[in-house]
Each structure stands twice: as structure tokens, then as C-alpha cells.
Peer 1: 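Dropping a structure here in C-alpha cells format, bear with me for questions.
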Protein chains: 2
Amino acid sequence: MKIDPKSSADLSAQIAQAIKDAIVEGRLIVDERLPSEAELADQFQVSRPTVREALKRLAAQSLIRTQRGAFGGAFVNRLSFEDAYSQQITTSTLLLSMNAVSFDTACEARFALERACAPLSAERRTPDHLATMRAEIVRQNQPGLTDEAFCASDVAFHRALVDGAGNPVLSYQLAGAVEAMQPLMNMITFTARSREAIVALHTRIADAIEAGDATAADAALAELTAYTMTLKDDVMAARAARDKS
Amino acid sequence: MKIDPKSSADLSAQIAQAIKDAIVEGRLIVDERLPSEAELADQFQVSRPTVREALKRLAAQSLIRTQRGAFGGAFVNRLSFEDAYSQQITTSTLLLSMNAVSFDTACEARFALERACAPLSAERRTPDHLATMRAEIVRQNQPGLTDEAFCASDVAFHRALVDGAGNPVLSYQLAGAVEAMQPLMNMITFTARSREAIVALHTRIADAIEAGDATAADAALAELTAYTMTLKDDVMAARAARDKS
DNA sequence: GACTTTTAAATGTCAGACAAATAAAAAATG
DNA sequence: CATTTTTTATTTGTCTGACATTTAAAAGTC
């Protein structure tokens, strides 16, 4: 592991990149201990604070974990699906909020991906996934629910649907798309009537998944997509009318 | 922005989290300048190196960028799709390599997501996307190509297909799934015959996309999925036979 | 007015020190 | 001898203070 002394980039960034490369390329394996900060400082010919900044960069990406004390140090971390989930969700959320991604674009992506999972979920979902979906439908029927809580339950419902596919890679990919949509969905005011319509569609989806009917699930998801879009159009139209007056 | 003095976690981690929350919740907006390191140190009642470690954590996630010199400092960074791509690819790659995700699981996820894009791509692809796909097919036909180069071209072909959907959110999500598969695909030895079969399927996909025929594209993708799985089964069987002898 | 120089502010880096945690090794105890 | 306690060495976490480097604005010069 070497760094280029001629490079203009931060030393800590270069060191972090060198170690990251070693991990990605498999030269450093999971749970392997990195040299101590003092040794790394020696090796790279920099000071310890600089090494520490590099290690913090890696820790921020869950690539390493550190342990204090004798025989402590920095260890290559096994990137868990859970760690990846949360990173994915943050990144997706910021991506949408900072880049003026339209509601339509985000919505299209989300439902396109979700429809990719539906057939697999219809085939493989466990009773547990189904129970979660049903429970969320019950929650969504409660009259006193705030819009935020309704959205949160919506996310939970869809995550159960996706998880039902029994493919952690799909769940990981979808977690970002589904959760990142939540802030956008929160823009929508759910009237009693629109909630009713959504719950009806959720019920159709759950029924189809329970019956193992991929086609029906897909059709219901398609309708839900279209209905979500019209809801958003209504909100936009209402806002436009208000702003004009 | 405050930190909990009773918490046992690293100060730099706490500070990073506090700033991250402020960004995610929109209290700090894009291109806004953070206080200088000295001011942050004052504010959080810690030393400058600790603040710096926190800032490096954020920089590693592309949440901030730093600029030296007078009127420099740390600025909230607009998370670009490009930044997000590369993060997503690293994360996905490590996730697959570190968690013993089976070839089948990864392959299923990849093609399920890709099939979600195909109908949109058939509808919207530009001549540019189509040209890229055709060019990669030509490359894949070259006899001298190494397996690695063939895989790389395969990835480029599929990225063009996905990008053809014209939905950056989909492209972002898929980038990880497609690219992270590459190391796994590299396990496969592509014989002349298997390359021919794959190129034929690629051609069918490109034709379908050109014709705007979503159904045909989906069918070809489904066949490609199945064929990829059999290729991998052959490799596994060959290895098993070799190991036994 | 256009160009050059100065200057102040900020990050980047370093050196050295101490605190705190931790597990192994050593010592004490029954 | 077995168990418990104490010691000790190692390593990360944090602080202080300093200097180097970069950069853009301000001041000076022609």
C-alpha cells in the first residue's frame, strides 16, 4: 500500500483510498486487523492525526470498525445488509431532495422496481410477510392516523412486499427507493376517500400475494401507481389554484 | 446543533451525526458554508482535530466539500448522481463479496430490476442509447476479447439499456446491481459458443428496444437470465468434477 | 484603469502529550 | 492448585500549540 507523494490531494484522502482499494480488491480481508495508527503513520510517512482522518473516512463508510485498548485497533468490517440499507436510504433521500427529482420520476422508479419484486414475492412470501402486510392495512384503516403515520405504514407495507421476494439484494436495492419516497409522499394530503382507495388497492395486492397470483399483484400495483400520480396531480392543481387567487 | 455529553460514542462520530442530521433535515442547505473548524470546535467544546475527524467522515460520504484559503471552509455538497453511483457500486460490490451472496441471488436481483426498466427503455431510449448497445454488441463479437473485457462490455450494454429508460433514479439504483455483478460474472469462462448465444440475445434485446417492443425485450431478457444461470451451473459442475478427480 | 503585492483567514499537516479502555500477564489469595 | 485481583503494556481517543499552504480580497503601484 503506497501513496503518490506528488499528488495534490489531501494525504488523508489518499491514504483512505489506498486502504479502501486494498479492501475492495481483497488484499485485506474481513476481520483482519490493520496496523496500529502509529505504524500506519510510519508506513505512509505522515503524522498520526492524518492517519486518523483517513481511518475516520473509512469508518464513515462502515469499511472498518475500531476498538480501543490493548490488542484493539482498526479491523476490516463485514459490510452487513443493515449497514448498507441505512447508507442506501440516506443517499437516496439526499439524492432526491437535493437534485429536484420530480415526483413522477421518483414514483415511476419506485413502482417499476417494486413490480419487479411482486412476482417473486407472490411465489415465496412467508406467512410472516403476509401478516405484516395485513397488519399495516389494519393500521391504515384507523381513522385518527396522521398523514405522516399513514405514509410510514405505507412504507412498511411495501417493504414487507419487497422482503417477501426473499432476495436480500433486492430488498437492499429497494429499501432506498421506497424509503426515499416518503418525504415526497408526505407532500400529499390523504383525504378519507383517497385513503380508502389506497387501502383497497393494498388489500388487492395482499390478496394476490397470498393467492400466489403474480398477474393480479402486478395489475393492482399498476393501478396504485396510476392512482398515486393522480393524487399528486390533484395536490399540484390545488396549490396552483390557491397561489393564483 | 448539539451533542450529548453523556454519550459514550466518539465525539467525532457524534458531531458528524449532528451535522449530517442538519443536512438531511434541511436545516443546512446546499452550498451553505459551515462554521470554520475553529468555530465548530468552540461550539461543540472540543478540539480542532476532533472536529476535523468529524468533517472527514462527512466528506467521505460526499455530504460536504472543503476549500482551502480565505473564505474557504466546508460547504454542504450537492450530492450528484455521479457521486451516488460510485458509492452505490462500491457498497454493492462489497456487500456481495463479503456476505457470500450466491450467484443465483445476485443474478435474480439484477435481471428482475433490469426487466423493470426494459419497457420504459423500449418506449424512451434515444438513438444514442441504441448506438451504444449496438457498439457493445460489435465489440462482443471480436474474437480476441478476454473474458474480463467481454464482461465489461456486457456491463456497458446493460447500462445503456437501463439508461435508456431515461429515469436517473432507476439508473442510479441499477448501477449498483449491474456493476456489482461483474466480479461474479468474471468467474464464468465464456466459450466461443456461449458468447455467440449471449450476443444473439443481446441483439434480440437491442432489436426489441429499437422497435419499441416491450414484450419481446422482456422475453429476451428472461431467456438471457435463464441462460446465464445455466452457464454458471456448468462452471460449477465442471469445478466439482475437477475437485473430485 | 490594469496589474502587482500584501494580507488575513481558512484548511492541511505535524509533534508531543495525556486520558481512557482493554486484554494479557503477573501477583495475590483462598 | 484454582480463582481472583492487580498490574502492565498497548492502542485508540482527545487536547494543545504550532507551522505550512492556499486563496481571495484589499491595498498599493504604475
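A quick note: this is a predicted structure, and the numbers were derived from the prediction, not measured. Each chain gets a letter, A, B and so on, in the order its sequence line appears, and its residues count up from 1.
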Peer 1: Using whole Å, report how far CZ of A:R68 lies from C1' of D:dT12.
Peer 2: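 In whole Å, D:dT12 C1' lies 6 Å from A:R68 CZ.
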
Peer 1: Between A:D10 and A:S12 (side chain of the first, backbone of the second, donor and acceptor by atom type, cut-off under 3.5 Å), is there such a pair?
Peer 2: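 Not a single qualifying donor-acceptor pair exists.
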
Peer 1: Would you say CD of A:E32 has more than 12 non-hydrogen atoms from neighbouring residues, nucleotides or ligands within 6.0 angstrom?
Peer 2: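 Yes.
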
Peer 1: Is it true that a side-chain atom of B:R78 and a backbone atom of A:M98 form a donor plus acceptor pair closer than 3.5 Å?
Peer 2: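 Yes, because the side chain of B:R78 sits within donor-acceptor range (under 3.5 Å) of the backbone of A:M98.
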
Peer 1: Classify the side-chain pair A:Q17/A:D21 by whether it contains a donor and acceptor separated by less than 3.5 Å.
Peer 2: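 On atom types as modelled, these side chains qualify, holding a pair under 3.5 Å.
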
Peer 1: Whole angstrom is fine here: how far is it from CG in A:D10 over to P in D:dT22?
Peer 2: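 Computing the A:D10:CG to D:dT22:P distance gives 12 Å.
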
Peer 1: Give me the residues of residues 43-64 of chain A where at least one heavy atom lies under 4.0 Å from an atom of DNA chain D, by number, or none.
Peer 2: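 Of all residues in residues 43-64 of chain A, the ones placing a heavy atom under 4.0 Å from DNA chain D are A:R48, A:R52, A:K56.
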
Peer 1: On DNA chain C, does the nearest nucleotide to B:A70 precede the nearest nucleotide to A:A70 from the 5' side, or the other way round? Give the residue.
Peer 2: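 It is B:A70, whose closest nucleotide lies nearer the 5' terminus.
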
Peer 1: Please name the pair of heavy atoms, one in B:A180 and one in B:L96, separated by the smallest distance, quoted to 0.1 Å.
Peer 2: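 B:A180 and B:L96 have their closest heavy atoms at O-CD1, 3.7 Å.
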
Peer 1: Between B:K56 and B:E53, does a salt bridge (Lys or Arg N to Asp or Glu O under 4.0 Å) hold up when you go through it step by step?
Peer 2: CA-CA 5 Å; B:K56 294 311 163 202; B:E53 287 178 10; over 6 Å; no

Peer 1: Below 4.0 angstrom, N of the basic side chain to O of the carboxylate: do B:E108 and B:K232 qualify?
Peer 2: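 Result for this pair is no, no salt bridge flagged.
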
Peer 1: Starting from P on D:dT12, measure out to CD on A:Q67 and report it in whole angstrom.
Peer 2: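 Nearest whole value for this atom pair: 11 Å.
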
Peer 1: Do A:R159 and A:Y85 form a cation-pi contact, if we require the NZ or CZ to be under 6.0 Å from the six-membered ring centre and within 45 degrees of the ring's axis?
Peer 2: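 Yes - A:R159 lies over the ring of A:Y85, closer than 6.0 Å to its centre and within 45° of its axis.
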
Peer 1: If you take any heavy atom closer than 4.0 Å to DNA chain C, which residues from residues 27-42 of chain A end up in contact?
Peer 2: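 Close to the strand, none.
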
